[in-house]
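As C-alpha cells, the structure follows; a few thoughts come after it.
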Amino acid sequence: MNSAQGPGDGAEATLPIIDFTGWQDDAAVERTIAKSIDAAFCSVGFCYFTNTGVDPALVARLFEMSRRFHAQPMERKQEIAMNAYHRGYMAPDSETVADSSVAEVTKPNFSESYMFMHDIGPDDPRWGHSVHGPNQWPADVPGFRETVLEYQAAMEAFSMRLLRTFEIALDLPDRYFDAYFARPTTFLRLLHYPPRPANAHTDAFGIAPHTDFGFLTLLAQDGHGGLEVRKRGGGWISAPPVPGAFVVNVADVLARWTNGRWQSTPHRVVHNSAGHRYSCPYFFDTDVDVPVDCMPSCTSPDNPPRYEPVTYGAVLERHLVSNYTYRKEGP
Ligand SMILES: O=C(O)CCC(=O)C(=O)O
Ligand SMILES: [Fe+2]
C-alpha cells in the first residue's frame, strides 16, 4: 500500500492508496486488498482506490460533460432545476448542511451541482414514490445523457463487485450483501466550485463539514484539490488529487451497520482560489426499505449492538428534508 500526502501535513497525515490491479483474477490479491480496506476504514475512514478497471477515458468524458453543462447560462440550468425526486440542477446557495454532526452550519454551500440518481422508468413499481422518478437531461449538451448513463453503469458494476471484497474484509458470509442491494439507491453528483465569491461570508464553504449519510462514496476529482478529511484527534488532512484514483469513504449507514468498526469521517471542501474546481462523487447505497441491523461479525458479548436497526430510506428522507430547501417546501 502506498499513500498520498497533502501539502504541509505531518508524516501521519496521509490517506492510504489501495491498488486494485489483478483484483478479480487472484483470490490472494483480493484478500490483501480486503485487509487494506479494513485497515483504512477502521482508522481514517477514507482511502484512494487506483486501477479499479473503470475506464479513465470515461471519467475524463464525464468531467468534460460536467464542464459543458455548468458553462451554460443560469436560465438554461434552472430549466431543469431539482425536481421532487432529488434529480436535477441545484444552484449555489441552495443546500445547507444543517444536519452536520461536525459543526453548526448556517451558511449554504457556494458550490452548484447537478444530481442524477438510478435511472428508472414509469413502469417501475417504485415510480413516483420518494426518490424514484425521472432524471432530467440538458437539451443542448450533445453526448451528455449517454456519458452519464455509461458512467453510472460502470460505477454500479464496480461497486456491486466490491461488495464481495467487503464481505471478506468484514468476515461476513459470502453474498451477505445480496439481500440489501437488489435495487441499490445511487446518486451521481456533478459538482462545480466556482471561484470563491468576493463577498462570500468567512464561514461559507465550497462544501461545509459533514459526513455522508449512506453506504459508500467514490469520488473522482480534478487537479485542483481542496477536499479535506478530519483527523481523529482533530485538525484536517488534505485529500489531494491522485491521477486516475477515486477517493473512497465510508458513510453513516455503513458505519452504523458495522457497529462503529468502520468510520464515517467528516470532510469538507475549502475552495479559496480563483479557479474552477469540478468533482464527481458517486454515492452507492442500499435498497430503500431493507432494515440494516448490526453485522454478525461486528458484535460479541463484550461488544453488543450500539444502534437500533434502521432503514436507509428513513435516513435518506431525514437528510433530504433537513438540508434542501426544495424538499422542505414539497413538490
Ligand atoms: O467535492 C468534493 O471533493 C466532496 C464532495 C462531497 O463531500 C459530497 O458531495 O458529499
Ligand atoms: Fe461528502
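Since the structure is predicted, the reported quantities are computational estimates derived from the model, not experimental observations. As the structure lists them, so they are numbered: ligands from 1, and atoms in each ligand from 1.
- Each of Phe177, Tyr312, Phe283, Phe187 was compared with Phe215 under the ring pair (Phe, Tyr, Trp, His ring centres under 6.0 Å) criterion, and only Phe177 meets it.
- Heavy-atom contacts of Tyr193 reach the following atoms of ligand 1: 1 (O), 2 (C), 4 (C), 5 (C) (cutoff under 4.0 Å).
- When heavy-atom distances to ligand 1 are checked against a 4.0 Å cut-off, Thr217 has no atom that comes that close, whether in backbone or side chain.
- We find the CE-OG1 distance between Met117 and Thr186 to be 6.5 Å, quoted to the nearest 0.5 Å.
- Nearest to the Fe ion (ligand 2), among the N, O or S atoms that His210 has, is NE2.
- Each of the atoms 7 (O) of ligand 1 lies under 4.0 Å from some heavy atom of His267.
- In terms of polar-atom proximity, Arg277 is counted as a contact of ligand 1, with an N or O under 3.5 Å from an N or O of the ligand.
- Ion pairing of Arg175 with Asp178 is present here, as a side-chain N (NZ or NE/NH1/NH2) and a carboxylate O approach within less than 4.0 Å.
- Put simply, part of Arg189 is less than 4.0 Å from ligand 1, judged by heavy atoms.
- The side-chain heavy atoms of Leu170 and Thr258, taken from C-beta on, include a pair separated by under 4.5 Å.
- Asp212 contributes OD1 as its N, O or S atom closest to the Fe ion (ligand 2).
- Contacts between Val247 and ligand 1 below 4.0 angstrom, taking non-hydrogen atoms only, are absent altogether.
- Counting heavy atoms closer than 4.0 Å to ligand 1, residue His210 contributes side-chain atoms (C-beta onward) but none from N, CA, C or O.
- Looking at Arg164 and Glu30, no side-chain N of the basic residue comes within less than 4.0 Å of a carboxylate O on the acidic one, giving no salt bridge.
- The distance from ligand 1 to the heavy atoms of Pro281 drops below 4.0 Å at these ligand atoms: 9 (O).
- Contact atoms of ligand 1 toward Val269: 1 (O), 2 (C), 3 (O), 4 (C) (distance under 4.0 Å to a heavy atom of the residue).
- The shortest side-chain heavy-atom distance between Arg268 and Ile207 does not fall under the 4.5 Å cut-off.
- Note: Tyr180 and Trp257 have perpendicular aromatic rings, judged against thresholds of 30 and 60 degrees for the angle between ring planes.
- Taking every heavy atom of Ser279 and a limit of under 4.0 angstrom, the matching atoms of ligand 1 come to 1 (O), 2 (C).
- Residue Leu191 approaches ligand 1 through these ligand atoms, each under 4.0 Å from one of its heavy atoms: 1 (O), 5 (C), 9 (O).
- At a heavy-atom cutoff of 4.0 Å, ligand 1 is contacted by the side chain of Phe283 but not by its backbone.
- Nearest heavy atom pair, residue Phe116 against residue Gln152, reads CB-NE2, 3.7 Å.
- Ser279 and Tyr193 make their closest contact through OG-CE1, 3.8 Å (heavy atoms, listed as atom of the first residue, atom of the second, distance).
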